[in-house]
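Proteins get letters first, then strands, A, B, ... in listed order; numbering begins at 1 in each. Here the structure is a predicted model, which means the values were calculated and not measured.
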Amino acid sequence: MKRTALTTLLMATSILGSAGFAAAQDAALTVESWRNDDLAIWQEKLIPAFEKANPGVKVTFAPSAPTEYNAALNAKLDAGSAGDLITCRPFDASLELYNKGQLADLASLPGMENFSDVAKSAWTTDDGKATFCVPMASVIHGFIYNQEAFDKLGIKPPATEEEFFAALEKIKADGTYVPMAMGTKDLWEAATMGYQNIGPTYWKGEEGRLALIKGDQKLTDPDWVEPYATLAKWKPYLGDGFEAQSYPDSQNLFTLGRAAIYPAGSWEISVFNTQAQFKMGAFPPPVRKAGDTCYISDHNDIGIGMNAKSKNPEAAKKFLSWVASPEFATIYANALPGFFSLSSTPVKMEDPLAQEFVSWREKCKPTIRSTYQILSRGTPNLENETWVESANVINGTDTPDVAAKKLQDGLDSWYKPAK
Amino acid sequence: MAGDTENRRPFRWHIAVFLAPAVLVYTAIMILPLFGTLQLSLFTADGHQSRIFAGLDNFRRLFFDPRWSATFWNALWNNTWFFIIHMLVQNPIGIALAALLSSPKLRFSAFYRTAIFIPTVLSFVIVGFAWKLILSPLWGVAPNLLDLVGLKSLFVPWLGKEEYALTTLGLISVWQFVGIPMMLIYAALLSIPDEVIEAAECDGITGMSQFWKIKLPLILPSIGIISVLTFVGNFNAFDLIYSAQGALAGPNYATDILGTFLYRTFFGFQLQTGDPYMGSTIASMMFFIILTGVCLYLFAIQTRLRRYQF
């Protein structure tokens, strides 16, 4: 009896031991991300495609909530418990991680040659020597509209600002739809979907953005204040109680067909496609006068890098090279219409709404969000302050001039442009 | 003789042994981090990896840099207002509920007691989320209910308006925590001996005047304890504001309290990277504020409270 028990035990340990050995041959990689919406796409499409091509590497996608991601990631990296692959926020948040030695330099990674310098700009050191994340996707700002509502009221997608406000007025007068679905409760909607959406038209995209960084322009200049003045004019067209309307509220308001226009980022496309029961269209931020050049915010939004302390650097690099490949770009861009590949090879997309957004790249001049590069390095943080002030302007708490002055004062308190 | 035995008594090791687990755990998870935070607040980053000693520079910055000090005083005032709401609303209601519950004539008192206490055990996240939904201008219960009685015009997007947001959150917190003062006062009321009440009745003191003249003085020490608990809880508050309004505590920082200010500074938020040194400075200030408040209570109020021995 005793002997049997002992034998069983020995056999069990030998089996378990060999099982452990087998597992050790598999390199396990964990991906840190804030895109918890993408969990299904990673698990069902991306990871199987990679694992099929690279047997012996197991990938786990472990996202956290978007608003908590940066804080959680920093804490995990400091504690040494972060995953092998790190989804990179654009610009300074990731640069800081690289400077702290937490992200590895990937400049020599095979596959990096598939990206232009502009695509890599969000994840390159100021001197351009090191690139620490593989660019995955950018997002484009614009307006998504309810096609049925527009047809019913006989409105065409507006091209100029005048037409834009005329359309809003018409929707409001009709009363069936809330003209525009946006709230100010979560603050960032007002800044990202409002100010950064319509702003590039005023500050002429890259021209204004770079001048701001150089110190040639100030946020109190007309080019930067006027978008606020326009934003303030949105107030009467927002829904009842928009001050307490949160971001998911706005999304639902639009997808339930209760609102006609949604100031959007292209990342909404995949969510809206599954939720909205009506046909949707999109138009770029309206220009001020007919014939003006249009500018869009085509913002490098998401990249992926390697934890410098990863236990499986070889497997992680293999994965990153795959992310840089056209195969990944095609799967990703089609699985997530609205996240546009930054790869130099064009990617064919099926989704009509995504095609509409990406077509603006040809007729409009692209830029990235004005507050992201360099200008949000100090305290007070320009991006966060822009959230608060954009909401204040729409709520009527601050006039456009006061808001602009507050932002410029905050920037002046720590930022000295290189002369 | 008695002194002799005491002198000869060996060192009582068992006391140390029994105290050790609690002392060790408390030291490891409370006292060391506390001193670690206080220490960290005296340092600053030098732009690279290492940290350098900065003396009281961080505190100077917090109080004299116009931006930092404006945010700090705004948060401190909001915290104070949050505390005032609790003292003016939560504690009187708690006492009133306890007085009602301890009335022997009340039926179903166990049911009321449980029902009122249940929100206290709910998670902040649930409370914040539920109230956000209740007060939502789009699908909330509040606007619909007001509409039913024809008072829709009274509805305001409370959580989105600078002038109401903090008070609304204060009242939500009161709703959640009113069970705690109620339970403590209820226990205190039950511990008043029947002889005292009977004696009062013999002297013709009944009803309301019995509460004011006999019971209230007897439960004053409990009210004191509750005030201190409220003070400590409110000045450490963070969760409700964070779950309902986010780390930027909008609109326009109207609901920013020391807890959210600390979180934003220490861990960073969105594009802002965390600054553990300034964060520790704020945490230290919170500690000093709470310490001062508790000391004030201990030395100025508690020593003057009269204790009644039964």
Side-chain angles (χ1 to χ4, degrees), chain A residues 66-72 74-75 78 89-93 95-97 99-101 178 181 183-188 239-246 249-250 252-253 256 258 369 371-372 375-389 391-392 395 397-398 409-410 413-414, chain B residues 45 47-49 61 65-68 70-71 125 129 131-140 142-143 152 155-165 168 242-256 263-279:
Chain A
T67 49
E68 281 147 30
Y69 179 71
N70 295 18
N74 283 337
D78 288 341
R89 295 276 192 192
F91 300 105
D92 292 340
L95 182 61
E96 166 105 5
L97 298 181
N99 287 339
K100 281 204 289 191
V178 173
T184 55
K185 170 130 195 307
D186 290 345
L187 310 173
W188 70 270
D240 243 2
F242 66 89
E243 292 100 330
Q245 180 178 325
S246 67
D249 286 343
S250 309
N252 286 326
L253 199 64
L256 288 172
R258 280 169 58 182
R369 289 181 204 150
T371 49
Y372 269 62
L375 298 180
S376 283
R377 274 185 194 167
T379 316
N381 186 280
L382 184 62
E383 167 73 359
N384 293 2
E385 297 286 296
T386 304
W387 290 16
V388 176
E389 290 310 324
N392 281 353
N395 288 344
T397 319
D398 280 337
D409 287 351
S413 74
W414 62 269
Chain B
H48 302 287
Q49 280 296 304
R61 205 160 149 218
D65 182 282
R67 271 158 217 295
W68 283 99
T71 318
V125 182
F129 185 69
W131 275 97
K132 240 162 80 174
L133 275 184
I134 294 172
L135 297 175
S136 160
L138 293 168
W139 5 80
K152 182 78 195 290
F155 181 79
V156 176
W158 287 291
L159 287 176
K161 290 276 192 189
E162 253 180 84
E163 53 275 45
Y164 305 118
T168 311
Y242 179 71
S243 63
Q245 304 292 79
L248 281 179
N252 200 14
Y253 300 114
T255 55
D256 195 22
Y263 176 86
R264 262 200 329 268
T265 312
F266 196 105
F267 295 105
F269 179 65
Q270 199 61 18
L271 291 195
Q272 183 176 335
T273 42
D275 180 350
Y277 308 104
M278 279 313 280

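Nearest heavy atom pair, residue B/Pro251 against residue A/Asn395, reads CB-ND2, 4.4 Å. The heavy-atom pair separating A/Leu256 from B/Trp139 by the smallest distance is CD1-CZ3, 3.8 Å. Looking at every heavy atom in both residues, B/Pro157 comes nearest to A/Gly241 through CG-CA, 3.6 Å. B/Phe269 and A/Asn384 make their closest contact through O-ND2, 3.1 Å (heavy atoms, listed as atom of the first residue, atom of the second, distance). Listed here is the closest heavy atom pair of B/Gly160 and A/Ala244: N-CB, 3.9 Å. Taking both residues in full, the closest heavy atoms of B/Pro137 and A/Asp240 are given as CB-O, 3.7 Å, listed atom of the first, atom of the second, then distance.
In this structure, NZ in A/Lys185 is found 5.5 Å from CG in B/Leu159, a value given to the nearest 0.5 Å. Note that the OG atom of A/Ser246 and the CG atom of B/Leu133 stand 8.5 Å from one another [nearest 0.5 Å]. We find the CG-CG distance between A/Asp398 and B/Asn252 to be 6.0 Å, quoted to the nearest 0.5 Å. Note that CD of A/Glu385 is 8.5 Å distant from CD of B/Gln272, once rounded to the nearest 0.5 Å. Of the inter-residue distances, the one linking B/Arg67 atom CZ with A/Thr379 atom OG1 reads 11.0 Å to the nearest 0.5 angstrom.
With a 4.5 Å cut-off on non-hydrogen atoms, A/Phe91 does not touch chain B at all. In this structure, chain B has a heavy atom under 4.5 Å from the side chain of A/Arg258, while its backbone stays farther away. For a residue to count as touching a neighbouring chain, one of its non-hydrogen atoms must lie under 4.5 Å from one of that chain's; by this rule A/Leu253 touches chain B with backbone and side chain alike. Interface remark: B/Tyr164 contributes no atoms to any contact with chain A (heavy atom separation under 4.5 Å). Contact of A/Asn252 with chain B is made through backbone and side chain together, with heavy-atom distances under 4.5 Å. Of the atoms belonging to A/Trp387, it is side-chain heavy atoms, and not backbone ones, that fall under 4.5 Å from chain B. Looking at A/Ser376, both its backbone and its side chain come within 4.5 Å of chain B, counting heavy atoms on both sides. Only the side chain of B/Glu162 comes within contact range of chain A, with heavy atoms under 4.5 Å apart. For B/Ala254, no part sits under 4.5 Å from any heavy atom of chain A, backbone or side chain. Heavy atoms of B/Phe266 lying under 4.5 Å from chain A are absent altogether.
Ranked by heavy-atom pairs under 4.5 Å with chain B, the list A/Asp249, A/Thr371, A/Asn70 is led by A/Asp249. For chain B, the option among A/Ala93, A/Ala391, A/Gly410, A/Gly378 with the highest count of heavy-atom pairs below 4.5 Å is A/Gly410. The most heavy-atom pairs under 4.5 Å with chain A, out of B/Trp158, B/Trp68, B/Tyr253, come from B/Tyr253. When A/Asp186, A/Thr397, A/Asn74 are compared by the number of non-hydrogen pairs under 4.5 Å with chain B, A/Thr397 comes out ahead.
In this structure, A/Asp78 places its CG atom where more than 12 heavy-atom neighbours from other residues, nucleotides or ligands lie under 6.0 Å away.
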